[in-house]
2 protein chains.
Amino acid sequence: MSIDLQTAVVRRFNRSYTQRIGALEDSFLGMGAPLGTMRLLFEIGFRSGTVTDLRARTGLDAGYVSRQLKRLTEDGLVVLSTDPADRRRRLVELTALGRERWNELETRSAERAQALLEPLTDRQRGRLARALAEADLLVRAALLHFETVDPLSDGARSAVGRYVTELATLFPFAPGEPSERDAAELRAPSGRFVLAVDDGEPVACGGLRDLGDGVAEIKRMWVHPGWRGAGLATRLLRHLETLAAEAGHTRVRLDTNEHLEAAIALYQRAGYRQVDRYNENPDATHFFEKRLAGAPDGAAAPEDPGTYRGVVSSR
Amino acid sequence: MSIDLQTAVVRRFNRSYTQRIGALEDSFLGMGAPLGTMRLLFEIGFRSGTVTDLRARTGLDAGYVSRQLKRLTEDGLVVLSTDPADRRRRLVELTALGRERWNELETRSAERAQALLEPLTDRQRGRLARALAEADLLVRAALLHFETVDPLSDGARSAVGRYVTELATLFPFAPGEPSERDAAELRAPSGRFVLAVDDGEPVACGGLRDLGDGVAEIKRMWVHPGWRGAGLATRLLRHLETLAAEAGHTRVRLDTNEHLEAAIALYQRAGYRQVDRYNENPDATHFFEKRLAGAPDGAAAPEDPGTYRGVVSSR
DNA sequence: ACATATCGTTGACCGTAGTCAAAGAAATTC
DNA sequence: GAATTTCTTTGACTACGGTCAACGATATGT
């Protein structure tokens, strides 16, 4: 399928979906309060906290929010209180009535979705759900981006923690605590650590460290299990290679474990070739290397971006 | 997959898609004119005609449209002229400048869609496009509804015309012109003709006539080729059976041609059993009958709503 | 020919969403 | 302890989308 055709499909879908389903927000209408007010109520019900927090999440103007909250308070849907920790701040919470309304919004939204499914036969319903789940994963993945972060930041720690936990379930693997020394290797200028985050949750990560002689090593590459099959690992690998090339490296190495079959397949698809053991890592059984495009002694294999399902590199 | 799970998938998709893609309409913004004005411009560019027509298509208020058109005229984007056929009416058309702007909107919208695809690998792009195409078909189909119309109305004629044309390509089939006498049989109270329309185009049709003795006959069942595989034929068949039952019939018959294999499979899945020839129709080779649920001498086979691909009944 | 209906325009009006700046109260910095 | 910053509220204001009723011009039915 050509890119033009794909674009046309996305546009056609956009049109039928937004036109026919109407804005999702429509479910907020007809509840006696304007859309904006209900949207805020929904947001508060989703997670209550300070007004500042609420504003940050919604990106709305302070004055606007203040007035909406006033209205909601008058309607008895929320209560405002002073934050004891910082008495400038105010805390927002739903009242029992507010929670009731919130549930009503939830119900409406669910009914809306059911009304869409209802006319279809069982089989078509299943097909639609599968197609939307697939589209959802891919759309989310498409809009994700990799950010270079500090390897000891909360997000990085959380991602690496998950990575380690997952590896430990696949083969005997007992890493030490993440040390400052380990982390320093993955920090600029000689190293990198990239992270993709969705909704506050780490989704993928990977690190790069300098082995000297123009060689970079890829470390701690991981993709969240719920996000696999969307090409994230391929993109991540490519991203890391680009970062390595930008830092002046001409080759990338990595080690991995024989249990990580999907990862090995990924490396092979991406043009890595197996090499001899180049370190003492007891967890590693397989070693790979790739010459970066543009590097002298070129002959880098053409990339074949394929689907990948599974955990990635070891250590 | 349970209906609750399916509903959850739809809701999750709704949220990620509308939140992340933003309203499709956003591409109308930042063009120096408010959204509503641009939306109208887009609609005119899509198909120009009378103001009434435009209003009917958009569902907007007469006063509102009038003002928008005034603005667009002042900006030199459209021209208004009196309809020579009815001098109360006015014709709207884009100027060259208006067409230019319209193309700009198209470009923006396409860029938006491409930006979504761009980060994905080739393979994932293909997957997303396929998933969205599938979802598009099913969503459109789900929101379609069958309407009982006069068998000689424009829509019905158009649908039957397509049906006849299509049959003629599949086997020797030379029907006469649609006669008033034929049509009368498909008219209430003794008969029915149902039609599904999307965007002015006929998408599916089917008729019902009275054979006496509590038997109804299904005629001219057809689904638009571009809409096959979305369960429309199954739904249409079910709908016609319901209409027949409501009219007091206890059995439904139909004839078809051996070349229409998909149709025959559909009837069998839907619980029809083959019977002896019951008419002199030279185009028919196969004959089916089904006892309607609730009818005495019951034992109607359980329905298995399966996917259907192909033209439907003969004649 | 007259009554009636239709089509578009115009004026008056409304609520919603949102912006901006001023200001009071509380916290933090120096 | 004074100056500055942060958090929230309030008043003033704006554009936008939209509704309603009145009106003149044109068509249509009888």
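The chains referred to below are lettered A, B, ... by the order of the sequence lines, with proteins before strands, and numbering in each begins at 1. Just so you know, these numbers use all the heavy atoms, side chains as well, and skip hydrogens, waters and symmetry mates.
If you check residues 43-58 of chain A against DNA chain D, the residues with a heavy atom closer than 4.0 Å are Val51(A), Thr52(A), Arg55(A), listed by number. Listed in residue order, the members of residues 73-94 of chain B having a heavy atom less than 4.0 Å from DNA chain C are Arg88(B), Arg89(B), Arg90(B).
Distances from the side chain of Leu60(A) to the nucleotides dT9(D), dG18(C), dT16(C) place dG18(C) closest. Checking dG17(D), dT19(C), dC20(D) against every side-chain atom of Asp61(B), the shortest atom distance belongs to dC20(D).
Evaluation of the salt bridge (Lys or Arg N to Asp or Glu O under 4.0 Å) test over residues 45-56 of chain A, restricted to residues two or more places apart or in two chains, returns Asp53(A)-Arg57(A).
Here the C1' atom of nucleotide dG17(D) and the CG atom of Leu41(B) are 17 Å apart, to the nearest Å. Here the P atom of nucleotide dG18(C) and the CG atom of Leu35(B) are 13 Å apart, to the nearest Å. The CG atom of Leu69(A) sits 16 Å away from the P atom of dC7(D) (whole-angstrom rounding). The CZ atom of Arg39(B) sits 11 Å away from the C1' atom of dC16(D) (whole-angstrom rounding). Summarising the geometry, the separation between CD on Gln68(B) and C1' on dT19(D) is reported as 14 Å, rounded to the nearest angstrom.
Contacts of Ala156(B) classified as side chain to side chain contact (heavy atoms under 4.5 Å, CB included), with partners at least two apart in sequence or in another chain: Val149(B), Ser153(B), Phe193(B). By the side chain to side chain contact (heavy atoms under 4.5 Å, CB included) test, Arg162(B) pairs with Glu201(B), Pro202(B), Trp222(B), His224(B), sequence neighbours left out. By the side-chain hydrogen bond (donor to acceptor under 3.5 Å, both in side chains) test, Arg192(B) pairs with no residue at all, sequence neighbours left out. Asp4(B) meets the side chain to side chain contact (heavy atoms under 4.5 Å, CB included) test with Gln114(A), Ser2(B); sequence neighbours excluded. Arg87(A) is linked by a side-chain hydrogen bond (donor to acceptor under 3.5 Å, both in side chains) to nothing, counting only residues two or more places apart in sequence or in another chain. Scanning for side chain to side chain contact (heavy atoms under 4.5 Å, CB included) contacts around Glu74(B) gives Lys70(B), with sequence neighbours left out. Remark: Glu106(B) pairs with Arg11(A) by the side-chain hydrogen bond (donor to acceptor under 3.5 Å, both in side chains) rule, at least two apart or across chains. In this structure, the side-chain hydrogen bond (donor to acceptor under 3.5 Å, both in side chains) partners of Asp136(B), at least two apart in sequence or on a different chain, are Arg12(A), Ser16(A), Arg140(B).
Between Asp86(A) and Arg89(A) there is a salt bridge, since a side-chain N of the basic residue sits under 4.0 Å from a carboxylate O of the acidic one.
Around atom CD of Glu93(A), no more than 12 heavy atoms belonging to other residues, nucleotides or ligands sit under 6.0 Å away.
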Expected rows: protein N/O vs nucleotides 11-13 of chain D N/O, under 3.5 Å:
residue : atom : partner  : partner atom : Å
dG11(D) : N7   : Arg67(A) : NH1          : 3.1
dG11(D) : N7   : Arg67(A) : NH2          : 3.4
dG11(D) : O6   : Arg67(A) : NH2          : 2.5
dA12(D) : N6   : Arg67(A) : NH2          : 3.4

